[in-house]
Amino acid sequence: MKRLHFIGLGVLAVLVLGVVGCVNVVLPAVPNRVDGAEAIPPVLAPYGGDEAVTSVAGWEARKPLLRAAFETHVFGEMPAPAAARVTRRRVVDDAAFDGAGRIEELTLDVAGFDRDMYLVLVVPNAAAGPVPVIVTQHFCGNRAALGGREDVSAPGPGACADEGVMGWGVKQVFGRWIMEPPIERILDRGYALAVHYPGDLVPDAAGAGETVLDAWHDGDDAGARTGAIAAWAWAYSRVVDVLDEDPRFDRDRVTVWGHSRNGKSALVAAAWDDRIDAVIAHQSGTGGATLTRSLNGESVEKITEAYPHWFAPRYAAYGDNEAAVPIEQHQLLALIAPRPVLLGNAVRDKWSDPEGAFLAAEGADPVFELYGSDGLVQETMKAFDPSADLAFFLRPGRHGVRTQDWDMFLDFLDAHFGGPRVASANG
Ligand code: GCU
């Protein structure tokens with residue numbers, strides 16, 4: 001009986017791998033329809049009736065104009081800040097990971113939502129002084145991000161299967177760290193983690209997500225109703241509210257990290273919230289680091305058909321007419337300058353369009369330089385320099401989060417935030 005059960009699981013695993021693998025393999029390599037480099041406006045050129053920018057003050061004055069254009073045409077209105085309130089604090093485990101870290105779970109009441117948001121903090125026990133912190137969003141929820149621990153809350157539907165054959169299959173295809181960060185390594189390098197699941201607020205589902213977003217919207221412009229990516233970016237900021245009040249965390253070393261859809265929201269969070277000190281956006285693709293006009297990978301038509309809840313409703317009108325979007329993604333990266341930005345990519349992840357992301361980084365670079373930063377120092381996509389303020393890496397392989405990716409993320413953070421500051425075992 002047991003054996004039959006085992007064989008059944010094996011067959012299921014093969015099927016799951018087949019389906020998930022096909023999705024990964026079949027993702028179309030859309031031919032390049034437009035030369036993005038030629039199509040994007042120089043970032044400092046006159047924009048929207050504004051004169052050319054020649055100084056930091058001029059750029060700072062332009063930022064609200066750019067944010068407004070992104071809100072109207074791409075992401076939808078960014079809701080006003082509303083500090084999250086901690087209603088419950090619970091120690092999950094004060095000696096987790098062989099004593100290296102303490103896990104706490106906070107329940108947050110976030111204005112405008114009748115549902116709670118859960119925040120899991122993982123703090124290195126050996127920390128000497130305030131630690132740098134990495135704020136992560138995971139599409140599978142907090143419990144999966146903590147290795148499936150049952151003492152971490154996993155409320156509501158929406159989080160994907162993190163256990164059993166399905167969880168195993170997803171990790172085979174999308175990498176060991178697709179649902180969770182390598183926590184032991186992160187603690188060992190001296191960083192704390194702040195893990196949250198943005199689906200607690202806005203579910204990642206077309207119907208259910210749109211219902212929540214429609215109810216939340218109080219503006220007059222229905223075409224600019226907040227999209228889920230902006231809402232999830234807002235969720236990153238609510239986590240920063242909480243971290244800012246906690247002396248264990250260094251307010252000057254707060255990084256937001258996200259993969260793919262959460263990489264899009266991490267970029268938006270940093271572009272709107274100056275309290276964020278660095279961003280790691282891995283394979284963020286269309287609506288993230290990649291130029292909309294490059295059209296190598298996912299088109300506006302495809303992304304708005306499959307994920308209508310992610311963007312302002314107006315964005316769908318640019319399907320098949322990307323050249324008409326009056327704002328470009330290099331301007332999103334430029335809004336983060338001169339704070340450190342790392343864009344992770346993979347050679348065969350054509351859907352996320354690494355070439356378009358590199359062009360966007362090149363397009364944003366003049367703003368970094370305006371602030372006196374060297375910005376993007378690499379001349380080719382593979383010449384990754386972790387110490388650059390605008391860094392880009394391209395590894396072999398496909399879409400997913402692998403050990404090599406976290407090597408680069410941590411090298412980038414060490415280069416910018418001074419490396420590990422955990423007290424050694426010998427004091
Ligand atoms: C889909 C989507 C992408 C997104 C990705 C992800 O592939 O088309 O835009 O980045 O999902 O979040 O994994």
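Only a predicted model underlies this, so the values are computations on that prediction, with no experimental measurement involved. Residue numbers run from 1 in the order of the sequence given. Just follow the structure's listing: the first ligand is 1, and inside any ligand the first atom is 1.
Using modelled atom types, one finds a donor on one side chain and an acceptor on the other under 3.5 Å when comparing W177 with T403.
At least one N or O atom of E298 sits closer than 3.5 Å to an N or O atom of ligand 1. Backbone and side-chain nitrogen or oxygen atoms of S260 are examined, and one is located within less than 3.5 angstrom of a nitrogen or oxygen of ligand 1. Considering backbone and side-chain atoms alike, W310 places every N or O at 3.5 Å or more from each N or O of ligand 1.
Taking every non-hydrogen atom of I303 and a distance limit under 4.0 Å, the qualifying atoms of ligand 1 come out as 9 (O). Every atom of ligand 1 with a heavy atom of K264 under 4.0 Å away is listed here by number and element: 3 (C), 4 (C), 9 (O), 10 (O).
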Side chain to side chain donor-acceptor pair (under 3.5 Å) assessment of S294 paired with D353
CA-CA 8 Å; S294 140; D353 185 10; 2.5 Å; yes
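Of all the heavy atoms of W351, the ones lying under 4.0 Å from any atom of ligand 1 belong exclusively to the side chain. With a 4.0 Å cut-off on non-hydrogen atoms, T286 does not touch ligand 1 at all.
Distance check, rounded to the nearest 0.5 Å: CG of D220 to CZ of R225 gives 15.0 Å. Here the CE atom belonging to M408 is positioned 8.5 Å from the CG atom belonging to L342, to the nearest 0.5 angstrom.
Residues in residues 379-388 take part in these side chain to side chain donor-acceptor pair (under 3.5 Å) pairs, two or more places apart or across chains: D385-S387.
A salt bridge is defined here as a Lys NZ or Arg NE, NH1 or NH2 lying under 4.0 Å from an Asp or Glu carboxylate O, and R149 with E105 fails to meet this definition.
Proximity of Y307 to ligand 1 is established by a heavy-atom distance of less than 4.0 Å. Note on ligand 1: H399 sits in its first shell, one or more heavy atoms being nearer than 4.0 Å. Within the 4.0 Å heavy-atom shell around ligand 1 one does not find H259.
Because its NZ or CZ atom is not both nearer than 6.0 Å to the ring centre of W406 and within 45° of the ring axis, R402 does not count as a cation-pi partner of that residue.
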